[in-house]
Amino acid sequence: MATAEEVTNGEVARAFHLMADLLELDGALRHRIMAYRRAAVRVAGEERSVAQLARAGRATDLADIGDALAAKIGELVETREIAALEKLAARVPRGLAAVARIGGIGPARARALWQEADVTDIESLRVRAESEEGLTAVSGIGPRTAESIRSQLAGLAAGQEPEPRVSIGRALPIAERLVADLGALPFVERAEIAGGLRRGAPTAKDADLAVATSRPREVAQALADHPTVARVLSRGAQRCVVETHIGLPVELRLSPPASFGNLLQHLTGSAAHNTRLRERAAGMGMSVSEHGITAADGTVTTHEDEEGVYAALGLRVIPPELRRDTDEIARAAGGGFPELVSVADIRGELHAHSTWSDGEASIAEMAAAGRTAGLAYLVITDHSQSLGFAGGLTPEQVADQWSEIAEVAASERRLRLLRGTEVDILSDGRLDFSDELLAEFDWVVASVHSRLNQSPERMTSRLARAARHPAVDVIGHPTGRMHGRREEAEIDFDELFAAARDGGTALEINASPMRMDLGAGRARAAADAGVALTIGSDAHSTSGFALRRYGVMVARAAGLIPDQILNCRPWDELAARRAARLDAA
DNA sequence: GCCGTTTTCGGCCCGACTGTTTTCAGTCG
């Protein structure tokens, strides 16, 4: 188990990313920079403590970590510093990396701005851009680039950095509408969403679309003319980039139907996955691109579907959610993958709200919507009393609510309607209802909603205590993260997983796209630790059950099968599980 | 800086588009 003082994998990864950024701005050799980036991704994706591996002298067990980087990890672990990084940071201005991230600048032009115009950060760039000599005196920057930089600076608040990311919950529906409309064009053979949205990444920088057609210019025109599109950013024979009215960039790539599989594979990525795939291909004397696979003798083979692309490289097709450069290529070369969980596998809903607390629909309306969504059972889990701002229920209100649930349940023939609660986990780990009341619910979700910035020790013991409670069936949105708003709470996950496993309590994959919490990496680790998982839509309206799909994306990215998700099982099994735990207590 | 179906040196993933350096480097994905 990691101690609180140990250097985390995230800190090692950040140091390597920073090193790569600074080396790039310093004009270092490209492949040396790539080595740092690659190592950073590797470390960030590692489930074990890299610091402890380093202490054991085994850091080079990790791919992409050689003697030099292992020594730097060791240095960071022992001294909290890397001398080479400090030296570089003293030479290269810290703010230059932000300059390089402005569209159209990049490391080479940032370096030129620094060397030729003394630009060291966004503010000095702003000063220079407004000065008399301007930006065009700097090599590599002409009038067009200078104007683009000025307009980006104008839209940038002081101190703010570029590159906003959009939640998948906002981006995916737009991408689906565009794909449906483009796919309906008579000269379009196929249209698919690709990129991070297809891989189920929680946030997206843009939406990537792949279209098979013999008339690419007309498809690009149709995209440019689409009512959701505000303006065209870039346009060529095979690619068209637009910006939608909500500010989401959309990249459309076009290919003939014969090589659509190659394009879809390429555009789905991830970048790291594609890099690995191409390395494998190179080892086999082949070369992979969006246009096809080139053999050693120069002949190019194209593929209508992704299956063909992977088969040509001796691989089984890899579910998009797993294409993250972890171990998926090795697995695809071996036995392949089990059938991952899908929305159709989910039998019931274990986390939903009504107007009794902060939901928008009545219990009857939620029941009807749940039935329409194909649920066999639905647990109403409104908030508990201390959550005042969300209309939490007192024990008296709970009794009244049970009467209403009984009434609605009596008229529901196909849907089993159940009495649940999302009980608040108080700051010391006690629960917001008495043990006696909690034991009477059909299902209990316990969640943290306040004081998320407690020390790691307190937060861990708080969650672990709730997880050991015999009446708690699942911990809701365990880390509290919300994309773009707050990071996950600092928790000792080994300890939480142990408490959940020993207590027979599940951890939730909360499907709300703003949360998607647990995330894929944590969910995988939980499952590996023997912890059961649930997928909870956290529906606050009748349309909320549709959010299940985001939770399914997380579960698939974690490599989970239906057996590992509790609400893929019939209700009677869950009820028996709960009864056994209450009996044992 | 890493690594070995090119095996301890010499490679390292591929291509579209843009603007500028007038023949191509840089950026981006």
Side-chain angles (χ1 to χ4, degrees), chain A residues 16 19-20 23-24 27-42 59-73 82 84 99-113 135-149 162-163 194-196 204-210 216 220 232-241 249-255 259 262-263 265-294 296 300 309 313-314 325 329 333:
Chain A
F16 283 174
M19 190 80 186
L23 281 170
E24 196 167 32
L29 287 174
R30 219 176 91 241
H31 292 100
R32 190 160 161 239
I33 297 160
M34 276 173 44
Y36 276 99
R37 292 244 157 83
R38 178 170 288 183
V41 170
R42 177 67 57 192
T60 53
D61 285 4
L62 297 168
D64 307 318
I65 304 293
D67 293 336
L69 290 186
K72 290 194 170 63
I73 295 172
I82 298 175
V99 172
R101 279 196 291 273
I102 287 183
I105 294 192
R109 286 182 188 134
R111 181 173 160 79
L113 282 161
L135 298 169
T136 50
V138 176
S139 55
I141 298 180
R144 300 285 294 268
T145 306
E147 183 44 43
S148 160
I149 292 171
E163 205 181 297
K205 180 168 50 49
D206 65 1
D208 297 305
L209 310 181
V232 176
L233 300 177
S234 155
R235 196 164 176 171
Q238 301 175 48
R239 180 172 175 268
C240 175
V241 184
V250 175
E251 179 180 356
L252 168 68
R253 292 288 300 257
L254 302 140
S255 85
S259 59
N262 304 94
L263 175 63
Q265 191 289 314
H266 165 81
L267 198 56
T268 297
S270 62
H273 171 83
N274 284 356
T275 300
R276 291 292 170 190
L277 215 56
R278 288 173 183 145
E279 284 170 359
R280 178 183 174 87
M284 298 165 75
M286 298 189 282
S287 166
V288 178
S289 84
E290 60 264 54
H291 304 297
I293 296 182
T294 308
V300 178
V309 178
L313 298 168
D325 185 28
I329 290 179

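Numbered from 1 within each chain, the chains take letters A, B, ... in sequence-line order.
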OP1 or OP2 of [N] sitting under 4.0 Å from any side-chain N/O of [X]?
| X | N | result |
| --- | --- | --- |
| A:T145 | B:dG19 | no |
| A:H291 | B:dA16 | yes |
| A:K205 | B:dC28 | no |
| A:S234 | B:dT18 | yes |
| A:R32 | B:dG1 | yes |

Would you indicate which nucleotide in [options] comes nearest to any side-chain atom of [X]?
| X | options | value |
| --- | --- | --- |
| A:A108 | B:dC17, B:dG26, B:dG19 | B:dG26 |
| A:A35 | B:dC13, B:dC17, B:dG1 | B:dG1 |
| A:P143 | B:dG1, B:dT20, B:dC13 | B:dT20 |
| A:S289 | B:dG29, B:dG15, B:dG1 | B:dG15 |
| A:D208 | B:dC14, B:dG29, B:dC17 | B:dG29 |
| A:T275 | B:dC3, B:dC13, B:dG15 | B:dC13 |
| A:E279 | B:dC14, B:dG29, B:dC13 | B:dC13 |

Interatomic distance at P, B:dG11 relative to B:dT6, whole Å
13 Å
Spacing of the P atoms in B:dT20 and B:dC28 (rounded, Å)
14 Å
At under 4.0 Å between heavy atoms, what does A:A39 touch on the DNA or RNA strands: base, sugar-phosphate, or nothing?
nothing
Base, sugar-phosphate, or nothing for A:A68, non-hydrogen atoms under 4.0 angstrom?
sugar-phosphate
In whole Å, what is the span from the [atom1] atom of [X] to the [atom2] atom of [N]?
| X | N | atom1 | atom2 | result |
| --- | --- | --- | --- | --- |
| A:Q238 | B:dT18 | CD | P | 12 Å |
| A:L313 | B:dC13 | CG | P | 15 Å |
| A:M284 | B:dC13 | CE | P | 16 Å |

B:dT8 - base-pair partner by Watson-Crick or wobble geometry, distances under 3.5 Å
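Partner of B:dT8: none.
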Check the interface with nucleotides 22-25 of chain B: list each N/O to N/O pair with the protein under 3.5 Å, or write none.
none

Taking atom CG of A:D67 as the centre, report whether more than 12 heavy atoms of other residues, nucleotides or ligands fall under 6.0 Å from it.
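No, because the 6.0 Å sphere around CG of A:D67 holds 12 heavy atoms or fewer from other groups.
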